[in-house]
Amino acid sequence: LTAVYDLKSALLERVYRLFVDPEASLLAGILLGVDTGLSQSLQQAFKDTGTAHIIAISGFNIAIIAGIFILLFSRLLGPRRGAVAAVLGIAFYTFLVGADPAVVRAALMGSLSIFAVQVGRRQFGLNTLAFVAALMTAWNPYYLWDVGFQLSFFATLGLILYGEPFQSATERFLARYLPPTNAAKAASLLAEFVLLTLAAQLTTIPIMAYHFQQISLVSFIANPFVLPAQPAVMVLGGVAVLAGMILLPLGRVLAWMAWPLTAYTI
């Protein structure tokens, strides 16, 4: 663990050498789970617009990491060995960013989904979520009182319960006015950037209201504009930092490609 946290410190130092604030602090939060560098006003702005979830490591980040690892390791090592390497990579990243309950939940579900694909089983979201939650709370019952765990659990529950029905209902509605193929494509696009966010927010709004005495109505507008840029922010920002660890000038060139997206997010 000492070696892991030494690496985290080195990566954090490289983030601040390649980027300037506030973009550097935003990337530190998105990539490494360190959001202490963000100014109080900027943190409040993310909270007010309901987009604070992007600066905390969550299922969204783990899903991107898992996708990258599966794509990379499967090509290098083959499907089975690549899947094992991807799970190990997710575990390493979980420790690197601090292994908060929300991150552990996402990492376990991501790893189980990879396992399900390899053994030829169809993953049933509710079963997986219930199993992971039971496993985590058996390990530490106090997770139930952790706000991050509560938000992560209920956001995932919302996606499982409402994500597909919302998309199907939208597709049926659009099919009245568009050809079926176009309706399906439009519904898929809306689901990715609007409907899935709405599904997650439906189940997390009561928790946000209880803990923070605040509900952001503008979040339904803000998230569709912010979320599409985040995979590119993670990938380009992460590649720039890793390249900067090897060769600083190369990292700076790549950082110029990532910077506009982080500035746009802010």
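Note that this is a predicted model, so its numbers are computed, not measured.
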Please tell me if the side chains of Ile246 and Leu250 come closer than 4.5 Å, counting only heavy atoms from C-beta onward.
-> no

From CG (Leu129) to CZ (Phe154), nearest 0.5 Å = 9.0 Å

Spell out, as yes or no, whether a donor-acceptor pair under 3.5 Å connects the side chain of Asn223 to the backbone of Gly50.
-> yes

Measure the shortest side-chain to side-chain distance between Phe212 and Val147 over non-hydrogen atoms and say whether it is less than 4.5 angstrom.
-> yes

Crowding at OH, Tyr162 (>12 non-hydrogen neighbours, <6.0 Å) = no

Linking I/L/V/M/F/W/Y whenever their side-chain heavy atoms sit closer than 4.5 Å, directly or via other members, would Leu31 and Val20 fall into one cluster?
-> no

Any donor-acceptor pair under 3.5 Å from Ser74 side chain to Ile70 backbone | yes

Is there a side-chain contact between Val104 and Val132, using heavy atoms and a 4.5 Å cut-off?
-> no

Decide if atom CD of Gln43 counts as having more than 12 heavy atoms of other residues, nucleotides or ligands within a radius under 6.0 Å.
-> yes

Between Gln213 and Tyr210, is there a donor-acceptor pair closer than 3.5 Å when you use the side chain of the first and the backbone of the second?
-> yes

Can you tell me how far CZ of Phe73 sits from CD1 of Ile68, rounded to the nearest 0.5 angstrom?
-> 10.5 Å

Would you say the side-chain atoms of Asp100 pair up with the backbone N or O of Val103, donor to acceptor, closer than 3.5 Å?
-> no

dist Leu151:CG -> Ile205:CD1 (nearest 0.5 Å) comes out at 11.5 Å

Closest non-hydrogen atom pair, Val241 against Leu18 = CA-CD1, 3.8 Å

Without swapping roles, check the side chain of Ser39 against the backbone of Leu42 for a donor-acceptor pair under 3.5 Å.
-> yes

Examine Leu261 and Phe225 and state if one hydrophobic cluster contains both, with Ile, Leu, Val, Met, Phe, Trp and Tyr joined whenever side-chain heavy atoms are less than 4.5 Å apart.
-> no

Report yes if the side chains of Met136 and Asn140 come closer than 4.5 Å at any heavy-atom pair, otherwise no.
-> no

Selection residues 15-56 - residue pairs positive for ring pair (Phe, Tyr, Trp, His ring centres under 6.0 Å), sequence neighbours left out = none

Would you please test His211 and Gln150 for side chain to side chain contact (heavy atoms under 4.5 Å, CB included) and show each step?
-> CA-CA 11 Å; His211 286 293; Gln150 292 174 13; 2.8 Å; yes

Show your working on side chain to side chain contact (heavy atoms under 4.5 Å, CB included) between Thr156 and Arg105 and close with a plain yes or no.
-> CA-CA 10 Å; Thr156 307; Arg105 194 277 315 157; 3.1 Å; yes

In Å and rounded to the nearest 0.5 Å, what is the CG to CG distance from Leu247 to Leu242?
-> 13.5 Å

Cluster check Val253, Met245: I/L/V/M/F/W/Y, side chain < 4.5 angstrom | no

Take atom OH in Tyr5; do more than 12 heavy atoms of anything else shown fall under 6.0 Å from it?
-> yes

Can you find a pair of side-chain heavy atoms, one from Phe92 and one from Leu88, that are under 4.5 Å apart?
-> no

Does Gln167 reach the main-chain N or O of Gly163 with its side chain, forming a donor-acceptor pair under 3.5 Å?
-> no

Thr204 (side chain) donor-acceptor with Ala200 (main chain) under 3.5 angstrom = yes

With a 4.5 Å heavy-atom cut-off, do Arg17 and Arg252 have their side chains touching?
-> yes

Taking every non-hydrogen atom, the tightest pair across Leu227 and Pro231 | O-CD, 3.4 Å

Taking all atoms of both residues into account, what is the closest heavy-atom pair of Val15 and Ala28, and its distance?
-> CG1-N, 4.2 Å

Which heavy atom of Gly82 sits nearest a heavy atom of Leu77, and at what distance?
-> N-CB, 3.9 Å

Mind running side chain to side chain contact (heavy atoms under 4.5 Å, CB included) on Leu126 and Leu161 for me, showing each step along the way?
-> CA-CA 8 Å; Leu126 279 176; Leu161 293 179; 4.3 Å; yes

Considering all heavy atoms, the nearest Ser25-Asp21 contact | OG-OD1, 2.5 Å

Under 4.5 Å between any side-chain heavy atoms of Val226 and Ile54, yes or no?
-> yes

Decide side chain to side chain contact (heavy atoms under 4.5 Å, CB included) for Glu171 and Leu174; before the verdict, give the C-alpha distance in whole Å, the side-chain angles of both, and the deciding distance to 0.1 Å.
-> CA-CA 5 Å; Glu171 187 174 338; Leu174 293 175; 5.9 Å; no

For the side chain of Arg14 and the backbone of Gly244, is there at least one donor-acceptor N/O pair under 3.5 Å apart?
-> yes

Between Ser216 and Asp48, is there a donor-acceptor pair closer than 3.5 Å when you use the side chain of the first and the backbone of the second?
-> yes

Do the side chains of Ile266 and Val218 join up, straight or via other hydrophobic residues, at under 4.5 Å, putting them in one cluster?
-> no

Here the gap from Phe166 atom CZ to Thr170 atom OG1, rounded to the nearest 0.5 Å, amounts to 8.5 Å

Do the side chains of Ile65 and Val4 join up, straight or via other hydrophobic residues, at under 4.5 Å, putting them in one cluster?
-> yes

Contact check, side chains of Met257 and Val239, non-hydrogen atoms, under 4.5 Å = no

Out of curiosity, Leu198 CG to Leu159 CG, how far, rounded to the nearest 0.5 Å?
-> 10.5 Å

Shortest non-hydrogen pair, Pro141 vs Trp145, comes out as O-CZ3, 3.5 Å

